[in-house]
Amino acid sequence: ASNITVTINSQYYSGKDANIIAQEVIDARGVEANLKTRLDKYGTQLADIANDINSLFFYPRLIGETNDYNRFLRAINATKVGGTLKVPIGNYDLGGNDIKITKSIKIIGDGYLSTNIGSGGFSIEASNCEISNLFINCPSLDNGIQVNQASVNNILISNCKTKARDHGYLIESYNGVVQDVRIINCLSIDSIHGFISKAIGTKFINCKANNHTGFAFGFISDNIPSIDKVANSQCNTILNCECDSCGTGFFSYCRDKWNSVCTPRVSNNSVDGLVISNTQNPFAVGEETTPQDYLSIYRIDFMTINNVKVINPKQSVWAMSLRNNYRCIVDNCILPCAFEQKATSQETLVGNVIIETGRPHTLPQNISTIKPLDTSINTSFDILLDSVSTNKIKLSQLPKNGNAVTVIVRSTGSSNTYGGFDTTNIITNDASIPTQFAFNHGQILQFVWSVSIKKWVLISASADIAF
């Protein structure tokens, strides 16, 4: 082989000018003409790589240590900012302690099936951190992974599994604004709650929650710690997630424990893809009754709900409930039973919602504040006679998908009245429509749209019935 190389080289350089050959050698060396200089440079780069990637393997338990907590601390302290700590395959015991991450590093296991962190969780207290490929198995401790002790941003948690007592993944802003936390391809099992955000810009992507007694997913705002510590929930996202066998699939609420001057806020959140199976209360936004230990509740604003599918709920009263919210959008949802929308759900836009069985989607409105009924969005309306009023009911638009429209009129007071129907675009027999009902009494009416005369036509009206 050496003879062939010599022959080829001699043929290559034969007839070349010496200056040209010298220049080619210099060019081949790059900017450092001295070979030793280049080797020193490569050595420095390799050392930098070694410093960037650390391993728990190099930090065994010391004499007298009965768990792995302190070796984790030594390994983390030795990992430089921006570096990575690898956690090899194995079972590790944190001795009932949480690992606090106070600098920007990555902690990466070998997969949650083979890297098991027992008896302790992780508290992320610095920006630009990552935790991935771990099973955090701490069923007797509060949380699996929490981000709630400082103002931080740009956190990635991926391919992890948690089993904790209270929360699998808890993201909250009591002690500083927490924002831009991404939780991707993660699993939470056997806790009270699964994935909870009381923060800004949290994203739960391709996550699964199984067997939680409380909420699988939640966008929540409150001020539990003190009057001046409010954790707002804004601009959060659920994307292509699942839950099975939980108390509640999704819940969003806004509570005030102290009547704080800093009002809790829940707004501009979105759900785009959530399958909820075998759950007691599948999907709820807002609440109308202030829970015990709280002084006030507030509405949920500007939420987008898309591609929610509920399978086999453990109760058949409702699959989705909207209460005390403002300008929410609901579209492309499949529900096995009722879509409940309370009167406190204001200016909600409902698109394609398929109710497989049970009651149709009904939009409630109080007669005292009634607006024209938008029949291009809803096909059933529940008009609550909450006062003595002369306000009239008006059907404003063409019907949704050619359906008939059902209007329920019922009294919520002792003897309330209303002004009947606006006949500008409605044909009725006024004699068949009473305008006064006793408490809990009312009437059910149905209308169809006549294309030829471009008006609504009353086709049926019940007698006075008790609700």
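For this chain, numbers begin at 1 and follow the sequence in order.
- N425 places a side-chain N or O within 3.5 Å of a backbone atom of L395 that can act as its donor or acceptor partner.
- The shortest distance between side-chain heavy atoms of V266 and Y253 does not fall below 4.5 Å.
- Evaluation of the side-chain hydrogen bond (donor to acceptor under 3.5 Å, both in side chains) rule for T417 yields no partner, not counting sequence neighbours.
- For residues 144-167, every residue pair satisfying the salt bridge (Lys or Arg N to Asp or Glu O under 4.0 Å) rule, not counting sequence neighbours, is listed here: D142-R165, K163-D190.
- A donor-acceptor contact shorter than 3.5 Å is absent between the side chain of S221 and the backbone of C254.
- A 4.5 Å side-chain heavy-atom check between T348 and Y326 finds every atom pair outside the cut-off.
- Checked by atom type and distance alone, the side chain of H167 never pairs as donor or acceptor with a backbone atom of G194 at under 3.5 Å.
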Taking distance alone, no hydrogens or angles, what donor-acceptor pairs closer than 3.5 Å link side-chain atoms of residues 273-282 to residues at least two apart or in another chain?
| residue | atom | partner | partner atom | Å |
| --- | --- | --- | --- | --- |
| N278 | OD1 | N312 | ND2 | 2.6 |
| N278 | ND2 | D244 | OD1 | 2.8 |
| T279 | OG1 | S277 | O | 2.9 |

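- Within the structure, salt bridge (Lys or Arg N to Asp or Glu O under 4.0 Å) contacts touching residues 193-212 (residues at least two apart or in different chains) are E172-K198, K198-D222.
- The closest donor-acceptor contact from the side chain of N143 to the backbone of I145 lies at 3.5 Å or more, if one exists at all.
- In this structure N240 satisfies the side-chain contact (heavy atoms from CB on, under 4.5 Å) test together with N206, sequence neighbours excluded.
- Using a 4.5 Å heavy-atom threshold, the side chains of I370 and I383 count as touching.
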Decide yes or no on side-chain contact (heavy atoms from CB on, under 4.5 Å) for F339 and V330, but give the supporting numbers first. CA-CA 10 Å; F339 175 15; V330 184; 4.1 Å; yes
Check: residues 459-467 side-chain donor-acceptor pairs under 3.5 Å, at least two apart:
| residue | atom | partner | partner atom | Å |
| --- | --- | --- | --- | --- |
| S462 | OG | I444 | N | 2.9 |
| D464 | OD1 | H441 | ND1 | 2.8 |

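- Looking only at side-chain heavy atoms (C-beta outward), F219 and I300 stay at 4.5 Å or farther from each other.
- Distance check: S233 OG to I220 CD1 gives 7.5 Å after rounding to the nearest 0.5 Å.
- The salt bridge (charged side-chain N to carboxylate O under 4.0 Å, His left out) search around E287 returns R255, not counting sequence neighbours.
- Side chain to side chain, T115 and D110 fail the donor-acceptor criterion of an N or O pair below 3.5 Å.
- G249 and A216 make their closest contact through O-CB, 3.3 Å (heavy atoms, listed as atom of the first residue, atom of the second, distance).
- Within the 4.5 Å cutoff, no side-chain heavy atoms of I192 are placed close to those of F215.
- T162 places no side-chain N or O within 3.5 Å of a backbone atom of I136 that could act as its donor or acceptor partner.
- Under the 4.5 Å side-chain criterion, counting only non-hydrogen atoms from C-beta, I117 is not in contact with N91.
- Put simply, the side chain of L295 does not reach to within 4.5 Å of the side chain of D256, judged on heavy atoms.
- No option in F421, F381, W456 other than F421 meets the ring-ring contact (aromatic ring centres under 6.0 Å, His included) test with F447.
- A donor-acceptor pair shorter than 3.5 Å cannot be found between the side chains of S387 and S389.
- For the residue pair N159 and S132, no side-chain donor N or O sits within less than 3.5 Å of a side-chain acceptor on the partner.
- A donor-acceptor contact closer than 3.5 angstrom is absent between the side chains of T304 and S270.
- At a cut-off of 3.5 Å, with distance as the only test, a side-chain donor of D228 or S226 sits close to an acceptor on the other residue.
- Screening residues 410-425 for salt bridge (Lys or Arg N to Asp or Glu O under 4.0 Å), with sequence neighbours left out, gives D382-R410.
- In this pair, Y418 and F437 present their aromatic rings parallel. The plane angle is below 30°, not in the 30 to 60° band.
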Please tabulate, one pair per line, all N/O donor-acceptor pairs under 3.5 Å involving side-chain atoms of residues 175-189, not counting sequence neighbours.
| residue | atom | partner | partner atom | Å |
| --- | --- | --- | --- | --- |
| N175 | OD1 | K229 | NZ | 2.9 |
| N175 | ND2 | N148 | O | 2.9 |
| R182 | NH2 | N154 | OD1 | 3.3 |
| S188 | OG | H212 | NE2 | 3.1 |

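- No more than 12 heavy atoms of other residues, nucleotides or ligands shown are found within 6.0 angstrom of NZ on K371.
- For the pair V407 and V405, the minimum side-chain heavy-atom distance is below 4.5 Å.
- Aromatic pair F217/F250: centroids not less than 6.0 angstrom apart.
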The test is side-chain contact (heavy atoms from CB on, under 4.5 Å); show your working for L335 and I354 and say whether it passes. CA-CA 6 Å; L335 310 176; I354 298 173; over 6 Å; no
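- Interatomic distance, CD1 of I108 versus CG of L85, reported as 9.0 Å (0.5 Å rounding).
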In sequence, state the C-alpha distance, the side-chain angles, and the governing distance for T344 and N325, and then conclude on side-chain contact (heavy atoms from CB on, under 4.5 Å). CA-CA 7 Å; T344 51; N325 56 76; over 6 Å; no
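- The closest donor-acceptor contact from the side chain of N268 to the backbone of Q234 lies at 3.5 Å or more, if one exists at all.
- Atom-to-atom distance recorded for I171:CD1 and I200:CD1 is 13.0 Å, nearest 0.5 angstrom.
- Shown here are the side-chain hydrogen bond (donor to acceptor under 3.5 Å, both in side chains) partners of Q315, two or more places apart in sequence or in another chain: there are none.
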Starting from the C-alpha separation in whole Å, work towards a yes-or-no answer on side-chain contact (heavy atoms from CB on, under 4.5 Å) for D272 and I238. CA-CA 6 Å; D272 190 359; I238 292 172; over 6 Å; no
Apply the test side-chain hydrogen bond (donor to acceptor under 3.5 Å, both in side chains) to residues T406 and Q446: give CA-CA distance (whole Å), side-chain angles for both, the deciding distance (0.1 Å), then the verdict. CA-CA 5 Å; T406 301; Q446 280 197 316; 3.0 Å; yes
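- With hydrogens and angles ignored, the 3.5 Å screen pairs a side-chain donor or acceptor of N269 with a backbone N or O of C235.
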What do the steps show when you test S245 against N211 for side-chain hydrogen bond (donor to acceptor under 3.5 Å, both in side chains), and what is the final call? CA-CA 5 Å; S245 302; N211 198 37; 5.7 Å; no
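- Residue pairs meeting the salt bridge (Lys or Arg N to Asp or Glu O under 4.0 Å) criterion with at least one member in residues 316-336, sequence neighbours excluded, are R327-E347.
- The number of heavy atoms from other shown groups lying within 6.0 Å of NZ (K103) is above 12.
- Of the N and O atoms on the side chains of S123 and Q149, not one donor lies less than 3.5 Å from an acceptor on the other residue.
- T369 meets the side-chain hydrogen bond (donor to acceptor under 3.5 Å, both in side chains) test with no other residue; sequence neighbours excluded.
- Using modelled atom types, no side-chain atom of T390 and backbone atom of G419 make a donor-acceptor pair closer than 3.5 Å.
- Ion pair R299/D301 flagged as a salt bridge, since at least one NZ, NE, NH1 or NH2 atom sits closer than 4.0 Å to an Asp/Glu carboxylate oxygen.
- Residues Y112 and N133 bring no donor and acceptor atom of their side chains to less than 3.5 Å of each other.
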